[in-house]
There are 2 protein chains.
Amino acid sequence: MAKASRSSRTKQRQAHPSKGPHSAKATRNTGQRRAVSPKDTPSRDSLSTEEKIMQAAKKLFTQNGFAATRTRDIANEAGINLALLNYYFRSKEKLFDIVMIDNFRQFIKGISIHLLDGATTMEQKIQRIVTAYIDFLNNNPDLPIFIINEIRGNTSKIAQQINEEVAPLRAHMFRQIQEAGRQGRITPIDPFHFIANLIGLTVFPFIGRPLLQRVTSTDDQQFRAFMEERKQLVPIWINAIMHAKSPLDRAR
Amino acid sequence: MAKASRSSRTKQRQAHPSKGPHSAKATRNTGQRRAVSPKDTPSRDSLSTEEKIMQAAKKLFTQNGFAATRTRDIANEAGINLALLNYYFRSKEKLFDIVMIDNFRQFIKGISIHLLDGATTMEQKIQRIVTAYIDFLNNNPDLPIFIINEIRGNTSKIAQQINEEVAPLRAHMFRQIQEAGRQGRITPIDPFHFIANLIGLTVFPFIGRPLLQRVTSTDDQQFRAFMEERKQLVPIWINAIMHAKSPLDRAR
DNA sequence: AAATTTTTTAATCAAATGATTAAATTACGA
DNA sequence: TCGTAATTTAATCATTTGATTAAAAAATTT
């Protein structure tokens with residue numbers, strides 16, 4: 001009798017997990033099941049369990065990556081019971097996928113709106129991108145290294161994401177760079193170099209922050225001051241680079 | 001009787017591991033115990049077990065970091081029995097420390113010899129550093145991201161290493177940059193920016209390689225060609241940056 | 001208010017992981 | 001060649017990890 005009762009409960013339990021992750025995804029995307037708290041920054045107490053898990057997972061996965069983050073770490077960070085991770089997200093890996101895709105989207109979003117703005121010159125675009133990114137990365141310093149680490153090992157999921165989100169930007173931006181080169185406004189340069197330089201000068205200091213700080217004996221306050229300076233300096237440098245005489249073929 | 005015999009063997013076994021790591025270190029540093037093979041690139045068959053482990057560990061730790069690399073992975077890669085890792089290196093962590101310090105030393109070595117060369121101008125230094133680093137990183141593409149990942153979580157071991165190895169370089173280089181600024185040969189710039197830009201333009205493309213390749217639809221062959229171009233372009237860009245007019249205070 | 005569903009809890013599980021053990025094998029020295 | 005030391009092997013261990021389970025508690029529906 002007692003065993004029969006347990007058996008029926010077991011069946012109900014097993015039926016649910018297969019629904020859990022789907023409903024979790026739907027909830028995340030639409031926010032329908034739980035209205036957003038009236039406050040702009042909901043405190044942890046007003047978050048659903050699912051939201052708590054997402055916050056904790058995002059923080060720890062972004063900082064430490066997949067392998068070095070344990071489900072117990074996330075549960076502790078979220079202040080919830082360990083079993084709830086599987087209840088809501090079914091597996092560590094599926095939870096990670098959600099975090100990864102969201103992180104990537106966040107990273108790209110900052111650049112899209114400026115790049116696609118047809119009313120601005122290229123110089124203005126660079127200035128806006130640099131400023132927006134430095135501000136963004138001051139608040140999300142772990143994001144670039146996370147993206148870079150994940151894209152190294154994860155060839156299919158992000159690859160598709162990148163192609164969907166970046167393809168329109170790429171075409172637009174490439175046209176603009178090559179047109180400027182043709183008109184002689186800048187030294188002709190392959191868009192690869194332009195992107196590598198823009199990201200290298202804007203984002204790299206955040207990626208290499210601990211190393212740079214140690215190599216140059218720079219404390220946190222100084223680092224922040226330097227990054228503020230770079231909001232003005234990087235566009236100037238990019239401009240200088242684009243006008244530097246190049247020994248390479250003009251045929252490129 | 002049989003038990004007594006086992007007991008004596010157990011004691012001998014336990015006494016050895018405490019010696020193992022020390023002798024392993026001594027061997028690594030001096031190469032005394034096993035002469036280097038006459039061939040420049042020793043094949044795996046001519047390597048000692050210890051060397052096989054070191055090679056495998058270096059490859060896998062450098063690619064994947066500590067948490068995502070299992071001792072079994074290293075043993076398989078080295079083609080040896082799993083227990084030998086503890087026999088020779090006592091623990092996964094100690095093995096990792098050796099790899100980490102060696103990697104770091106390698107990364108820094110490429111820059112030291114050029115920076116400390118008193119017979120070259122700053123322009124020549126930059127050219128040599130850029131060329132040497134791009135050549136080096138073509139053959140060790142995982143190294144920068146490894147260094148950057150490890151320095152984020154490891155505040156004491158590498159910090160000391162950095163201070164010991166970099167301090168002399170720092171003073172020397174800072175003096176040279178500030179002297180050039182004082183003499184009006186370049187726009188005055190804080191050494192932080194100089195270092196961030198030099199590494200950002202030289203090393204970052206390797207760090208961000210998969211991302212850059214995807215964003216710009218660049219295949220491996222094209223990437224290599226671009227890095228060859230950058231051997232010439234980066235020094236030119238650095239030079240342009242150093243001569244760009246700055247809106248910042250001259251008091252800096 | 002009772003029935004049902006959903007969420008939470010704490011214990012447990014199965015597999016993986018770094019490490020240890022004891023015996024076998026190989027290498028070295030007398 | 002024998003005795004001893006060093007190395008290697010395969011099994012085992014103790015702990016950790018992601019995941020599962022069953023019961024309790026809370027929330028929702030009737």
Side-chain angles (χ1 to χ4, degrees), chain A residues 1-24 27 33-34 47-53 57 60-61 64-76 78-97, chain B residues 1-24 26-27 33-34 47-53 57 60-61 64 66-76 78-97:
Chain A
M1 183 182 73
K3 286 188 180 178
S5 172
R6 289 180 174 184
S7 176
S8 72
R9 293 296 290 269
T10 300
K11 282 182 181 174
Q12 288 177 350
R13 176 72 58 249
Q14 286 175 349
H16 182 80
S18 69
K19 287 189 180 178
H22 297 295
S23 68
T27 303
R33 201 170 69 169
R34 184 172 299 273
L47 298 178
S48 69
T49 298
E50 196 170 320
E51 284 156 346
K52 286 178 192 172
I53 297 174
L60 295 182
F61 277 142
N64 306 314
F66 182 79
T69 303
R70 274 154 291 184
T71 50
R72 281 163 175 80
D73 297 333
I74 295 170
N76 291 338
I80 52 95
N81 184 280
L82 173 61
L84 295 178
L85 269 75
N86 292 86
Y87 179 77
Y88 281 99
F89 296 98
R90 191 192 285 174
S91 73
K92 179 187 178 185
E93 185 166 344
K94 285 196 174 6
L95 177 58
F96 181 78
D97 282 351
Chain B
M1 184 181 76
K3 286 186 178 178
S5 171
R6 289 182 172 183
S7 175
S8 71
R9 293 296 290 272
T10 299
K11 282 182 179 176
Q12 288 178 349
R13 176 69 61 246
Q14 287 175 350
H16 182 79
S18 69
K19 285 188 179 178
H22 297 294
S23 68
T27 303
R33 202 170 69 170
R34 185 173 297 271
L47 298 179
S48 70
T49 297
E50 195 171 318
E51 281 157 349
K52 286 179 192 171
I53 297 174
L60 296 182
F61 277 142
N64 306 313
F66 182 79
T69 302
R70 273 153 290 187
T71 50
R72 282 164 177 78
D73 298 334
I74 295 170
N76 291 338
I80 53 97
N81 185 281
L82 172 61
L84 294 179
L85 269 74
N86 293 85
Y87 178 77
Y88 280 99
F89 297 96
R90 189 191 286 175
S91 72
K92 177 185 179 186
E93 183 166 348
K94 286 195 171 13
L95 177 58
F96 180 78
D97 282 350

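Every chain is numbered from 1 and lettered A, B, ... according to where its sequence line falls, protein lines coming before strand lines.
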From CG of A:L85 across to C1' of D:dT20 the rounded distance in Å is 14 Å
Distance in angstrom units between B:N64 CG and C:dT17 C1', rounded: 16 Å
Here the gap from B:L82 atom CG to B:R70 atom CZ, rounded to the nearest 0.5 Å, amounts to 12.0 Å
The criterion is ring-ring contact (aromatic ring centres under 6.0 Å, His included); which residues satisfy it with A:F66, sequence neighbours excluded? A:F96
With sequence neighbours excluded, residues passing side-chain hydrogen bond (donor to acceptor under 3.5 Å, both in side chains) with B:N81: none
For C:dT8 and A:Y88 - does any side-chain N or O of the residue sit under 4.0 Å from the phosphate oxygens OP1/OP2? yes
Nearest-Å distance for atom pair CG/P, residues A:N86 and C:dT12: 18 Å
To the closest 0.5 Å, what do you measure between CZ (B:R72) and CG (B:L85)? 10.5 Å
Taking CD from B:E93 and P from C:dG18, how many angstroms apart are they, rounded to a whole number? 12 Å
Working note: B:Y88 + B:K94, criterion side chain to side chain contact (heavy atoms under 4.5 Å, CB included); need CA distance, chi angles, decisive distance, verdict. CA-CA 10 Å; B:Y88 280 99; B:K94 286 195 171 13; over 6 Å; no
I'd like a table of atom pairs between the protein and nucleotides 10-17 of chain D - only N or O on both sides, under 3.5 Å - with the distance next to each one.
residue : atom : partner : partner atom : Å
D:dA10  : N7   : B:N81   : OD1          : 3.4
D:dA10  : N7   : B:N81   : ND2          : 3.4
D:dT17  : OP1  : A:R70   : NE           : 3.2
D:dT17  : OP1  : A:R70   : NH1          : 2.5

In whole angstrom, give the distance that lies between atom CG of A:L84 and atom P of D:dG18. 15 Å
Holding to side chain to side chain contact (heavy atoms under 4.5 Å, CB included), I want the full list of residues that pass it with A:L60, two or more places apart in sequence or in another chain. A:Q63, A:N64, A:T69, A:D73, A:I74, A:E77
Given C:dT8, is OP1 or OP2 found less than 4.0 Å from the side-chain N or O atoms of A:T49? yes
Rounding to an integer number of Å, can you tell me how far B:F89 CZ sits from D:dT7 P? 12 Å
For A:I80 and D:dA26, give me the distance from atom CD1 to atom C1', rounded to whole Å. 17 Å
Over how many whole Å does the gap from A:Y87 atom OH to C:dT6 atom C1' extend? 5 Å
